[in-house]
Amino acid sequence: MEISNKISQAVVAGIRELYGQEVTADSVQLQETRPEFEGNVTLVVFPYLRMSKKRPEETAQQLGEYLMQTVPDVVAKFNVVKGFLNLVIAPAQWILLLQEIRSQERFGFRPVTDESPLVMIEYSSPNTNKPLHLGHVRNNLLGWALAQVMEANGNRVVKTNIVNDRGIHICKSMLAWLRWGNGETPETSGKKGDHLIGDYYVAFDKHYREEVKQLAAQYVLGGLPAEEAEEKAKQEAPLIKEAHAMLVKWEQGDPEVRGLWKKMNEWVYAGFDETYKALGVSFDKIYYESDTYLEGKEKVEEGLQKGFFYRRPDGSVWADLTKEGLDEKLLLRSDGTSVYMTQDIGTAKLRFQDYPIDKMIYVVGNEQNYHFQVLSILLDKLGFKWGRDLVHFSYGMVELPNGKMKSREGTVVDADDLIQTMIEDASQMSADKVNKLEDITPEEAREIARIVGMGALKYFILKVDARKNMLFNPEESIDFNGNTGPFIQYTYARIRSILRKAKAQGIEVPDVLPTTAQLSDKEISLIQHLNNFADVVRQAGSDYNPSCIANYCYDLVKEYNQFYHDFSVLKEEDKEKQLVRLALSEAVSKVVRNGLGLLGIEVPERM
RNA sequence: GGUCCGGUAGCUCAGUCGGAUUAGAGCAACAGCCUUCUAAGCUGUGGGUCAUGGGUUCGAGCCCCAUCCGGAUCACCA
């Protein structure tokens, strides 16, 4: 950064002096020089041709000479290829840059202060009637990573979760449990609470479908067309009517229903907590829909009085968004009950009461793009200052090789199963390399397997651009070769091993490196690559896109691996070179650890 | 139909602010490399009409327009 800043400023001065024009330092285009040309940094001079009124080669030549004269300590040599000015940077500058990167524990991160903007990130947002599945895993990993990235960019971050703990779906599980459960609990069954409740939800669905089928057949015999019969049966089936009755009781605060609801939700939360812990995610503040769903009504009434919304003859309340190019949107049903949108408004209200939010980010699947477009407009109308600029961090669906990832189609991948499988596979993997793990205790081995297995899972999901649909191939995800988390972790562990051995041999890397050390092109390239980390973190923050960090870490480690095979750091005889390479290795390990850390991926000291 | 998003190697994915005669990784296939700081690695070979057609300019996988294909969404569901 230092180097390109110096050059950028010198170029700005050069343009002013040579051509009498003003350009900003930001607009100066610098890039890494292609390996086939001599140089480290390349200035693109095409943008200045209009100012110089000269051919590209001449312009580049003039600027090159100017730089040599004004910043001789930085620019050692230059050459011109068409409109590209290739600059050879003085080796000492690279050493200084490496030293700077190495000296900072969190290079590329921006500090967070009390004055930093407050960003609230909502993610996870589960329903309490089912265990978490692969889609939730993507949500949780993205949400956590994004929170880390925002913090690294100098924001105060509040991670929040809105738990959908009420509604007809929970009543279905409750009803099924009452009917077929025989008082089964997580303790008596040995099942995780969320799985237990999920099983009853499935049981409800099975019996319900059976009822619908029989009922529909009766209606057909009675002379109804098949489609109509099924539609009617879905509404008239005794089970669903009973579930609805239970929901009404819940809303009326019936003590028995509320008591059961509370008990069963507690089981689910205990189960979720285990999964969250395994995923390594957490929240600063959890909201429950049962607390917020009534709040939205108040806000809607307020908007109604201010004339933002209108009431239809049947009593339902609507927002007319046709001016914004959208449709009309229902906010309150004719019976006065709230809908999804109303609840989100209510949650927003409570959040704003609790925190002075500057920016709100919702991590929610892309099937809700329209919902958040509408929510943004509504919140803005209702006077939330962050409403207009709310960010819907919209991620794509996770698909499976044999079809869609949709809960109703029954092809879900359960989050807990997945986590367990990944860790077991990692464990198996290291067992195959048992010769390396001789001096490791079983506890350490388990911990390494956990770190590696979770790293594999997290990296596999986070390396893909969040907004794209992604394919989750279970077989491929447990392949630890290639562009994977374990590959990066492995390189990290090797570097740590080198550093340990160097220390054992009494080699200490001083804070101030010898600036006279000779650097190869590969080493310079690695330093440049390391330096890019700061830009990547910034980009991830401004684009709300953690995937570029994952890909950056892979590229960096890949480059280091090539380096690793060319040099033997510990056997290097030239002490200056050795120190520089050790420093470089250490810097790589540090940046990789910080980069993966932003993604919630841990690194093992050995593996 | 309206709106939004995607289409890059057989497969999974990168591709930064539009930059360099040759668009990159990994997987899969084939051929090499462990007496060498951890081979979960490295090197090499083969594999591409960047969906299609126009446009913008010194220069386009990237920007603009049109078309084709795929997905999402447009509920008194959440």
Side-chain angles (χ1 to χ4, degrees), chain A residues 26-27 29 31 33-34 36-37 42 44 46-47 49 56 81-84 86 125 127 164 166-169 289 312 314-318 325-327 329-335 337 339-341 343-344 365-371 373-374 394 396-397 399 401 404 426 429-430 432-433 435-437 452 456 460 463-465 467-473 475-477 479-484 486-491 493-502 505 532 535-536 539 543 547-548 550-552 554-555 558 561-562 564-572 581-582 585 606-607:
Chain A
D26 285 346
S27 71
Q29 287 188 49
Q31 53 190 261
T33 304
R34 294 253 156 174
E36 59 265 38
F37 302 107
T42 295
V44 184
F46 287 111
L49 298 186
V81 181
K82 292 196 284 187
F84 299 94
N86 300 322
S125 311
N127 287 358
N164 185 11
R166 60 164 286 281
I168 189 72
H169 46 286
E289 221 164 72
R312 285 189 183 170
D314 65 2
S316 56
V317 177
W318 296 74
L326 304 171
D327 299 325
K329 189 77 190 174
L330 177 82
L331 297 176
L332 288 178
R333 297 192 187 96
S334 51
D335 63 4
T337 56
V339 293
Y340 180 38
M341 186 64 73
Q343 293 168 22
D344 259 348
N366 62 9
E367 75 270 16
Q368 293 191 28
N369 285 352
Y370 181 75
H371 174 82
Q373 224 178 321
V374 173
S394 161
M397 317 216 124
E399 288 163 13
K404 295 282 141 50
M429 209 74 169
S430 1
D432 294 345
K433 323 257 170 223
N435 51 322
K436 294 180 203 157
L437 297 171
V452 173
F460 189 85
K463 74 175 172 183
V464 182
D465 187 342
R467 83 200 119 142
K468 288 189 182 172
N469 288 0
M470 66 170 287
L471 190 79
F472 185 84
N473 186 332
E475 286 163 27
E476 205 176 306
S477 72
D479 186 353
F480 296 159
N481 295 316
N483 184 358
T484 63
F487 167 66
I488 302 172
Q489 290 169 321
Y490 180 63
T491 307
R494 270 194 334 230
I495 294 176
R496 298 301 296 172
S497 173
I498 291 174
L499 296 176
R500 275 195 302 272
K501 288 192 174 166
Q505 289 178 22
N532 288 344
D535 291 336
V536 171
Q539 191 196 334
D543 294 356
S547 77
C548 63
N551 288 299
Y552 168 85
Y554 176 70
D555 287 343
K558 177 126 178 104
N561 257 332
Q562 290 160 8
Y564 173 94
H565 278 263
D566 284 353
F567 307 112
S568 181
V569 174
L570 294 176
K571 290 184 181 161
E572 175 60 52
R581 282 176 191 163
L582 272 174
S585 300
R606 302 195 279 181
M607 68 184 272

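Worth saying up front: this structure is predicted, and the values here are computed from it rather than measured. Each chain gets a letter, A, B and so on, in the order the sequences are listed, and its residues count up from 1.
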| request: Would you mind classifying the nucleic acid contact of A/Val44 as base, sugar-phosphate or nothing, using non-hydrogen atoms under 4.0 angstrom? | output: base

| Any side-chain N or O of A/Gln562 less than 4.0 Å from the OP1 or OP2 oxygen of B/U43? | yes

| Would you say a side-chain N or O of A/Lys558 is under 4.0 Å from OP1 or OP2 of B/C42? | yes

| request: Test for a donor-acceptor pair under 3.5 Å between the base of B/A20 and the side chain of A/Thr42, counting only N and O atoms. | output: yes

| query | Expressed as a whole number of Å, how far does the P atom of B/G46 sit from that of B/G54? | reply | 31 Å

| query | With both distances kept under 3.5 Å, what pairs with B/A23, Watson-Crick or G-U wobble? | reply | none

| message | Is the phosphate of B/U38 approached by A/Ser497 (side-chain N or O, under 4.0 Å from OP1 or OP2)? | response | yes

| said: Less than 4.0 angstrom from a charged side-chain N to a carboxylate O is my criterion; do A/Asp335 and A/Arg333 meet it? | reply: no

| message | Between A/Lys463 and A/Asn483 (side chain of the first, backbone of the second, donor and acceptor by atom type, cut-off under 3.5 Å), is there such a pair? | response | yes

| Given side chains that start at C-beta, do those of A/Leu331 and A/Trp318 come closer than 4.5 Å, heavy atoms only? | no

| field | Derivation of the side chain to side chain donor-acceptor pair (under 3.5 Å) call for A/Gln539 and A/Tyr552 | value | CA-CA 11 Å; A/Gln539 191 196 334; A/Tyr552 168 85; over 6 Å; no

| request: Find the distance A/Glu476:CD to B/G10:P and express it as a whole number of Å. | output: 16 Å

| query | Does B/A78 have OP1 or OP2 sitting under 4.0 Å from an N or O in the side chain of A/Tyr340? | reply | no

| Under 4.0 Å between a side-chain N or O of A/Arg494 and OP1 or OP2 of B/U36? | no

| Within less than 4.0 Å of OP1 or OP2 of B/A25, is there a side-chain N or O belonging to A/Asn551? | no

| Quick one: which of B/G19, B/U12, B/A40 gets closest to the side chain of A/Met607? | B/A40

| message | Using OP1 and OP2 only, check whether a side-chain N or O of A/Arg34 sits under 4.0 Å from B/A20. | response | yes

| task | Mind calculating the distance between NE2 (A/His371) and C1' (B/A75) to the nearest angstrom? | result | 14 Å

| Is A/Tyr554 touching bases, backbone alone, or none of the nucleic acid, heavy atoms closer than 4.0 Å? | sugar-phosphate

| request: Take the protein atom NZ of A/Lys329 and the nucleotide atom P of B/A78, then report the distance between them rounded to whole Å. | output: 10 Å

| Would you say the side-chain atoms of A/Asn366 pair up with the backbone N or O of A/Ser394, donor to acceptor, closer than 3.5 Å? | no

| task | When you get a sec, tell me which of B/A20, B/A78, B/A40 is the closest nucleotide to the side chain of A/Phe37? | result | B/A20

| message | I want to know whether A/Phe84 and A/Phe46 have ring centres closer than 6.0 Å. | response | yes

| Where the side chain of A/Pro47 is concerned, which of B/A78, B/G26, B/G19 is the nearest nucleotide? | B/G19

| said: Could you check whether any side-chain heavy atom of A/Tyr564 comes within less than 4.5 Å of a side-chain heavy atom of A/Arg494, counting everything from C-beta outward? | reply: yes

| task | Kindly say whether the aromatic ring centers of A/Phe480 and A/Phe487 come within a distance under 6.0 Å. | result | no

| task | Tell me whether the OP1 or OP2 atom of B/G7 has a side-chain N or O from A/Lys468 closer than 4.0 Å. | result | yes

| Taking only N and O in the side chain of A/Lys501, is any of them less than 4.0 Å away from OP1 or OP2 of B/U38? | yes

| Stacking between A/Phe46 and the base of B/G59 (centre distance under 5.5 Å, interplanar angle under 30°)? | no

| query | Has the side chain of A/Asn86 got a donor or acceptor that lies under 3.5 Å from a partner of the other kind on the base of B/A20? | reply | yes

| query | Counting just side-chain N and O atoms, does A/Arg166 come under 4.0 Å of either OP1 or OP2 of B/A78? | reply | no

| request: Quick one: label A/Ala493 by what it contacts on the DNA or RNA (base, sugar-phosphate, nothing), any heavy atom closer than 4.0 Å. | output: base

| According to the Watson-Crick and G-U wobble definitions, with both distances under 3.5 Å, which nucleotide is paired to B/A72? | B/U3

| message | So, OP1 or OP2 of B/U21: does either fall under 4.0 Å of a side-chain N or O from A/Lys82? | response | yes

| message | Using a 4.0 Å heavy-atom cut-off, does A/Val569 contact any base of the nucleic acid, only the sugar-phosphate backbone, or nothing at all? | response | base

| said: Is A/Tyr564 stacked against the base of B/G41, taking the criterion as centroid distance under 5.5 angstrom and interplanar angle under 30°? | reply: no

| said: Would A/Phe487 count as stacking on B/G41 if stacking means ring centres less than 5.5 angstrom apart and planes tilted under 30 degrees? | reply: no

| query | Side chain of A/Leu570: nearest nucleotide among B/C13, B/C37, B/C42? | reply | B/C37

| task | Could you tell me whether A/Asp335 contacts a base, only the sugar-phosphate backbone, or nothing, with contacts defined as non-hydrogen atoms closer than 4.0 Å? | result | nothing

| request: Would you kindly give the CG-to-C1' distance between A/Asp543 and B/C17, to the nearest whole Å? | output: 12 Å

| request: Check the distance between B/G71's P and A/Glu399's CD and give it to me in whole angstrom. | output: 9 Å

| said: Under 4.0 Å, heavy atoms only, any strand: does A/Gln31 hit a base, just the sugar-phosphate, or nothing? | reply: base

| field | Any-strand Watson-Crick or G-U partner of B/G47, both distances under 3.5 Å | value | none

| What nucleotide among B/C37, B/G19, B/G6 has an atom nearest to a side-chain atom of A/Ser568? | B/C37

